[in-house]
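Taking it in order: structure first as C-alpha coordinates, then the write-up.
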Protein chains: 2
Amino acid sequence: MGKAYDVMAATCPSRTVLHRIGARWTVFVVLALGDGPRRFTQLKTRIEGITPKVLTETLRALEADGLVRRTSLPGNPPGVEYALTDLGRSLGGPMRAVSEWAESHVPEILAARARYADAEA
Amino acid sequence: MGKAYDVMAATCPSRTVLHRIGARWTVFVVLALGDGPRRFTQLKTRIEGITPKVLTETLRALEADGLVRRTSLPGNPPGVEYALTDLGRSLGGPMRAVSEWAESHVPEILAARARYADAEA
DNA sequence: CAGAATCCCCACGGATACTG
DNA sequence: CAGTATCCGTGGGGATTCTG
(Lines give C-alpha, C1' and ligand atoms only; values in the text may rest on other atoms or scores of the structure.)
Protein backbone atom coordinates (compact mmCIF):
# COMPACT_ATOMS: atom_id res chain seq x y z
CA MET A 1 0.00 0.00 0.00
CA GLY A 2 1.25 3.47 -0.87
CA LYS A 3 1.44 6.29 1.59
CA ALA A 4 -1.67 8.26 2.34
CA TYR A 5 -0.27 11.61 1.26
CA ASP A 6 2.17 12.49 -1.48
CA VAL A 7 3.65 15.94 -1.96
CA MET A 8 4.23 15.19 -5.63
CA ALA A 9 0.49 14.98 -6.21
CA ALA A 10 -0.92 18.29 -7.38
CA THR A 11 -3.97 18.33 -5.13
CA CYS A 12 -2.55 16.61 -2.09
CA PRO A 13 -3.27 18.54 1.13
CA SER A 14 0.32 17.97 2.17
CA ARG A 15 1.17 20.71 -0.29
CA THR A 16 -0.66 23.29 1.77
CA VAL A 17 1.30 22.08 4.78
CA LEU A 18 4.55 22.39 2.88
CA HIS A 19 3.52 25.84 1.80
CA ARG A 20 3.07 26.93 5.39
CA ILE A 21 6.37 25.42 6.44
CA GLY A 22 8.08 27.13 3.57
CA ALA A 23 6.71 30.55 4.43
CA ARG A 24 9.54 33.01 4.79
CA TRP A 25 9.57 33.39 8.56
CA THR A 26 8.21 30.09 9.81
CA VAL A 27 11.60 28.52 10.31
CA PHE A 28 12.83 31.40 12.44
CA VAL A 29 9.84 31.35 14.74
CA VAL A 30 9.93 27.60 15.21
CA LEU A 31 13.64 27.73 15.98
CA ALA A 32 13.28 30.68 18.32
CA LEU A 33 10.60 28.84 20.28
CA GLY A 34 12.67 25.69 20.38
CA ASP A 35 14.26 26.53 23.71
CA GLY A 36 11.00 27.21 25.48
CA PRO A 37 8.18 29.77 25.61
CA ARG A 38 8.93 33.31 24.57
CA ARG A 39 7.22 36.67 24.67
CA PHE A 40 6.40 38.69 21.61
CA THR A 41 9.19 41.19 22.12
CA GLN A 42 11.70 38.48 22.87
CA LEU A 43 10.93 36.89 19.53
CA LYS A 44 11.10 40.20 17.77
CA THR A 45 14.52 40.85 19.26
CA ARG A 46 15.87 37.40 18.61
CA ILE A 47 14.73 37.22 15.00
CA GLU A 48 16.62 40.13 13.58
CA GLY A 49 14.90 42.05 10.85
CA ILE A 50 11.38 40.79 11.37
CA THR A 51 8.69 43.44 11.60
CA PRO A 52 5.88 43.29 14.18
CA LYS A 53 3.29 42.83 11.48
CA VAL A 54 5.01 39.89 9.90
CA LEU A 55 5.77 38.34 13.26
CA THR A 56 2.11 38.60 14.22
CA GLU A 57 0.98 37.06 10.94
CA THR A 58 3.44 34.22 11.21
CA LEU A 59 2.46 33.52 14.79
CA ARG A 60 -1.25 33.55 13.89
CA ALA A 61 -0.70 31.16 11.00
CA LEU A 62 1.28 28.76 13.17
CA GLU A 63 -1.40 29.00 15.83
CA ALA A 64 -4.09 28.21 13.27
CA ASP A 65 -2.14 25.15 12.19
CA GLY A 66 -1.77 23.97 15.76
CA LEU A 67 2.00 24.41 15.92
CA VAL A 68 2.02 27.25 18.41
CA ARG A 69 -0.05 27.96 21.49
CA ARG A 70 -0.72 31.53 22.55
CA THR A 71 -1.27 32.32 26.21
CA SER A 72 -2.26 35.67 27.65
CA LEU A 73 -0.58 36.30 30.96
CA PRO A 74 -2.85 38.21 33.30
CA GLY A 75 -1.53 41.34 34.95
CA ASN A 76 -0.30 44.72 33.97
CA PRO A 77 1.50 45.42 31.77
CA PRO A 78 -0.17 42.70 29.68
CA GLY A 79 2.01 39.82 28.64
CA VAL A 80 1.58 37.19 26.02
CA GLU A 81 3.53 34.00 25.80
CA TYR A 82 4.04 31.81 22.77
CA ALA A 83 5.07 28.21 22.98
CA LEU A 84 5.39 25.29 20.62
CA THR A 85 2.75 22.60 20.90
CA ASP A 86 3.82 18.96 20.72
CA LEU A 87 3.12 19.14 17.01
CA GLY A 88 5.23 22.26 16.66
CA ARG A 89 8.03 20.67 18.64
CA SER A 90 8.03 17.72 16.29
CA LEU A 91 8.80 20.11 13.45
CA GLY A 92 11.83 21.41 15.32
CA GLY A 93 14.06 18.58 14.16
CA PRO A 94 13.54 19.06 10.43
CA MET A 95 13.71 22.85 10.78
CA ARG A 96 16.98 22.66 12.67
CA ALA A 97 18.36 20.32 10.05
CA VAL A 98 17.53 22.79 7.30
CA SER A 99 18.91 25.84 9.08
CA GLU A 100 22.06 24.01 10.08
CA TRP A 101 22.52 22.92 6.51
CA ALA A 102 22.18 26.54 5.43
CA GLU A 103 24.67 27.74 8.02
CA SER A 104 27.22 25.11 7.24
CA HIS A 105 27.28 25.41 3.45
CA VAL A 106 27.50 29.14 2.98
CA PRO A 107 31.05 29.16 1.59
CA GLU A 108 30.37 26.50 -1.05
CA ILE A 109 27.23 28.24 -2.21
CA LEU A 110 28.75 31.70 -2.34
CA ALA A 111 31.62 30.23 -4.33
CA ALA A 112 29.21 28.52 -6.71
CA ARG A 113 27.30 31.73 -7.23
CA ALA A 114 30.47 33.62 -7.99
CA ARG A 115 31.54 30.96 -10.46
CA TYR A 116 28.15 31.02 -12.13
CA ALA A 117 28.12 34.81 -12.39
CA ASP A 118 31.59 34.71 -13.94
CA ALA A 119 30.69 32.01 -16.40
CA GLU A 120 27.86 33.97 -17.92
CA ALA A 121 29.61 37.35 -17.87
CA MET B 1 33.79 30.20 19.89
CA GLY B 2 30.47 30.88 18.21
CA LYS B 3 29.53 29.47 14.89
CA ALA B 4 30.63 31.27 11.77
CA TYR B 5 27.13 31.86 10.39
CA ASP B 6 23.87 32.51 12.17
CA VAL B 7 20.49 32.61 10.44
CA MET B 8 19.14 34.81 13.19
CA ALA B 9 21.51 37.59 12.19
CA ALA B 10 19.87 40.01 9.79
CA THR B 11 22.74 40.30 7.33
CA CYS B 12 24.11 36.78 7.55
CA PRO B 13 24.62 35.23 4.11
CA SER B 14 23.03 32.05 5.40
CA ARG B 15 19.74 33.88 5.03
CA THR B 16 20.12 34.04 1.28
CA VAL B 17 20.78 30.30 1.33
CA LEU B 18 17.69 29.70 3.42
CA HIS B 19 15.75 31.86 1.02
CA ARG B 20 16.76 29.71 -1.90
CA ILE B 21 15.94 26.52 -0.05
CA GLY B 22 12.57 27.91 0.89
CA ALA B 23 11.64 28.82 -2.68
CA ARG B 24 8.33 27.24 -3.60
CA TRP B 25 9.60 24.47 -5.86
CA THR B 26 13.10 23.77 -4.61
CA VAL B 27 12.07 20.91 -2.37
CA PHE B 28 10.27 19.12 -5.19
CA VAL B 29 13.19 19.32 -7.58
CA VAL B 30 15.71 18.18 -4.98
CA LEU B 31 13.50 15.26 -4.04
CA ALA B 32 12.77 14.33 -7.63
CA LEU B 33 16.48 14.24 -8.38
CA GLY B 34 17.19 12.21 -5.29
CA ASP B 35 16.92 8.89 -7.10
CA GLY B 36 19.34 9.81 -9.83
CA PRO B 37 19.65 12.02 -12.91
CA ARG B 38 16.48 13.02 -14.69
CA ARG B 39 15.53 14.72 -17.92
CA PHE B 40 13.55 17.90 -18.09
CA THR B 41 10.36 16.22 -19.14
CA GLN B 42 10.69 13.52 -16.53
CA LEU B 43 10.87 16.17 -13.85
CA LYS B 44 7.94 18.03 -15.31
CA THR B 45 5.87 14.86 -15.24
CA ARG B 46 6.92 13.79 -11.78
CA ILE B 47 6.34 17.16 -10.16
CA GLU B 48 2.65 17.58 -10.79
CA GLY B 49 1.47 21.09 -11.46
CA ILE B 50 4.82 22.69 -12.19
CA THR B 51 4.99 24.75 -15.38
CA PRO B 52 7.97 24.63 -17.73
CA LYS B 53 8.85 28.20 -16.99
CA VAL B 54 8.98 27.71 -13.25
CA LEU B 55 10.83 24.42 -13.58
CA THR B 56 13.45 26.12 -15.73
CA GLU B 57 13.85 28.96 -13.26
CA THR B 58 14.16 26.62 -10.33
CA LEU B 59 16.70 24.46 -12.12
CA ARG B 60 18.76 27.50 -13.11
CA ALA B 61 18.75 28.82 -9.56
CA LEU B 62 19.85 25.47 -8.17
CA GLU B 63 22.52 25.25 -10.82
CA ALA B 64 23.78 28.72 -9.92
CA ASP B 65 24.03 27.66 -6.28
CA GLY B 66 25.96 24.53 -7.19
CA LEU B 67 23.25 22.10 -6.12
CA VAL B 68 22.41 20.80 -9.56
CA ARG B 69 24.56 19.98 -12.55
CA ARG B 70 23.18 20.33 -16.05
CA THR B 71 24.53 18.14 -18.83
CA SER B 72 23.64 18.38 -22.50
CA LEU B 73 23.46 14.98 -24.08
CA PRO B 74 24.69 15.09 -27.66
CA GLY B 75 22.52 13.63 -30.40
CA ASN B 76 19.18 14.25 -31.93
CA PRO B 77 16.65 14.86 -30.53
CA PRO B 78 18.61 16.97 -28.05
CA GLY B 79 18.62 15.71 -24.49
CA VAL B 80 19.50 17.41 -21.26
CA GLU B 81 20.12 15.71 -18.00
CA TYR B 82 19.93 17.18 -14.53
CA ALA B 83 21.63 15.65 -11.55
CA LEU B 84 22.34 16.62 -7.98
CA THR B 85 25.90 17.56 -7.15
CA ASP B 86 27.45 16.28 -3.93
CA LEU B 87 26.32 19.50 -2.34
CA GLY B 88 22.79 19.04 -3.63
CA ARG B 89 22.73 15.47 -2.44
CA SER B 90 23.69 16.60 1.04
CA LEU B 91 20.53 18.69 1.09
CA GLY B 92 18.45 15.63 0.31
CA GLY B 93 18.30 14.49 3.92
CA PRO B 94 16.87 17.72 5.35
CA MET B 95 14.48 18.08 2.42
CA ARG B 96 13.18 14.57 2.85
CA ALA B 97 12.73 15.17 6.55
CA VAL B 98 10.62 18.24 5.86
CA SER B 99 8.47 16.64 3.19
CA GLU B 100 7.94 13.53 5.26
CA TRP B 101 6.92 15.65 8.18
CA ALA B 102 4.40 17.41 5.94
CA GLU B 103 3.02 14.14 4.63
CA SER B 104 2.71 12.56 8.03
CA HIS B 105 0.99 15.40 9.86
CA VAL B 106 -1.72 16.35 7.42
CA PRO B 107 -4.62 15.13 9.57
CA GLU B 108 -3.52 16.99 12.71
CA ILE B 109 -3.01 20.20 10.79
CA LEU B 110 -6.27 20.03 8.89
CA ALA B 111 -8.02 19.38 12.20
CA ALA B 112 -6.27 22.33 13.81
CA ARG B 113 -7.27 24.59 10.94
CA ALA B 114 -10.88 23.51 11.20
CA ARG B 115 -10.85 24.13 14.95
CA TYR B 116 -9.32 27.54 14.47
CA ALA B 117 -11.82 28.51 11.78
CA ASP B 118 -14.64 27.42 14.04
CA ALA B 119 -13.29 29.27 17.05
CA GLU B 120 -13.28 32.60 15.31
CA ALA B 121 -16.54 32.13 13.42
C1' DC C 1 4.13 45.31 26.04
C1' DA C 2 1.93 43.53 22.19
C1' DG C 3 0.13 44.40 18.78
C1' DA C 4 -3.53 46.95 15.05
C1' DA C 5 -4.12 49.90 11.07
C1' DT C 6 -2.67 51.55 6.64
C1' DC C 7 -0.43 51.91 2.58
C1' DC C 8 2.39 50.07 -0.79
C1' DC C 9 4.99 47.26 -4.08
C1' DC C 10 7.33 44.11 -6.80
C1' DA C 11 9.03 39.65 -7.50
C1' DC C 12 7.41 35.19 -7.48
C1' DG C 13 4.95 32.48 -9.82
C1' DG C 14 0.96 31.12 -13.08
C1' DA C 15 -1.26 30.67 -17.94
C1' DT C 16 -0.71 30.33 -22.57
C1' DA C 17 1.56 30.11 -26.82
C1' DC C 18 5.46 29.38 -29.62
C1' DT C 19 10.22 27.18 -31.33
C1' DG C 20 15.33 25.40 -32.46
C1' DC D 1 12.70 17.27 -26.35
C1' DA D 2 13.67 21.16 -23.85
C1' DG D 3 12.97 24.82 -23.42
C1' DT D 4 11.56 30.63 -24.77
C1' DA D 5 8.61 34.37 -24.99
C1' DT D 6 4.99 37.27 -23.07
C1' DC D 7 1.77 38.79 -20.26
C1' DC D 8 -0.22 39.25 -15.97
C1' DG D 9 -2.07 39.01 -11.10
C1' DT D 10 -1.64 38.79 -6.30
C1' DG D 11 -0.50 38.27 -2.05
C1' DG D 12 3.32 37.92 0.83
C1' DG D 13 5.93 40.82 2.84
C1' DG D 14 7.82 45.66 4.04
C1' DA D 15 7.73 50.56 6.18
C1' DT D 16 5.51 53.45 9.04
C1' DT D 17 2.45 55.14 12.37
C1' DC D 18 -0.63 54.64 16.10
C1' DT D 19 -2.90 52.46 20.50
C1' DG D 20 -5.33 49.67 24.57
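Below, chain A is the first sequence line, B the second, and so on; all start at residue 1.
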Problem - Asp118(A)/Arg115(A) salt bridge by N-O under 4.0 Å criterion - result: no

Practice task
State plainly whether the residues Lys3(B) and Glu103(A) are in salt-bridge range, i.e. N to O under 4.0 Å.
Solution key: yes

Heavy atoms, side chains only, cut-off 4.5 Å: are [X] and [Y] in contact?
{"X": "Thr51(A)", "Y": "Val54(A)", "result": "yes"}
{"X": "Leu31(A)", "Y": "Ser99(A)", "result": "yes"}
{"X": "Val29(A)", "Y": "Leu62(A)", "result": "yes"}

Exercise for the section: Just say parallel, tilted or perpendicular for the rings of His105(A) and Trp101(A), cut-offs at 30° and 60°. Expected result: parallel

Exercise for the section: Tell me, please, which residues at least two apart from Arg38(B) pass salt bridge (charged side-chain N to carboxylate O under 4.0 Å, His left out). Expected result: none

Problem - Those residues that, when tested against Glu57(A), pass salt bridge (charged side-chain N to carboxylate O under 4.0 Å, His left out) (two or more places apart) - result: Lys53(A)

Practice task
Consider only side-chain heavy atoms of I, L, V, M, F, W and Y, link residues closer than 4.5 Å, and tell whether Tyr82(A) and Met8(B) are in one cluster.
Solution key: yes

Atom pair distance, as rounded to whole Å: [atom1] in [X] and [atom2] in [N]:
{"X": "Glu57(B)", "N": "dA5(D)", "atom1": "CD", "atom2": "P", "value": "12 Å"}
{"X": "Arg60(A)", "N": "dG12(D)", "atom1": "CZ", "atom2": "C1'", "value": "17 Å"}
{"X": "Tyr82(B)", "N": "dA2(D)", "atom1": "OH", "atom2": "P", "value": "8 Å"}

Handout entry: Within 45° cone of Phe28(A) ring axis and under 6.0 Å: Arg15(B) NZ or CZ
Key = yes

Handout entry: Opening and closing nucleotides of DNA chain C in contact with chain B, under 4.0 Å to non-hydrogen atoms
Key = dG13(C) to dG20(C)

For nucleotides 15-20 of chain D, list the nitrogen or oxygen atoms of the protein found under 3.5 Å from its nitrogen or oxygen atoms, one pair per line.
none

Fill in the blank from the handout: Axis-to-axis angle for the helix from dC1(C)-dG20(D) to dG20(C)-dC1(D), ends of five pairs each, to 10°, equals 70°

Exercise for the section: Specify the residue among Leu73(B) and Ile50(A) whose closest nucleotide of DNA chain D lies further upstream toward the 5′ end. Expected result: Leu73(B)

Exercise for the section: Determine yes or no for a side-chain-to-main-chain donor-acceptor pair under 3.5 angstrom, with Glu48(B) supplying the side chain and Ala9(A) the backbone. Expected result: no

Problem - side-chain hydrogen bond (donor to acceptor under 3.5 Å, both in side chains) assessment of Thr58(B) paired with Arg24(B) - result: CA-CA 9 Å; Thr58(B) 304; Arg24(B) 190 88 95 226; over 6 Å; no

Problem - Stretch residues 15-37 of chain B: residues that reach within less than 4.0 Å of DNA chain D through a heavy atom - result: none

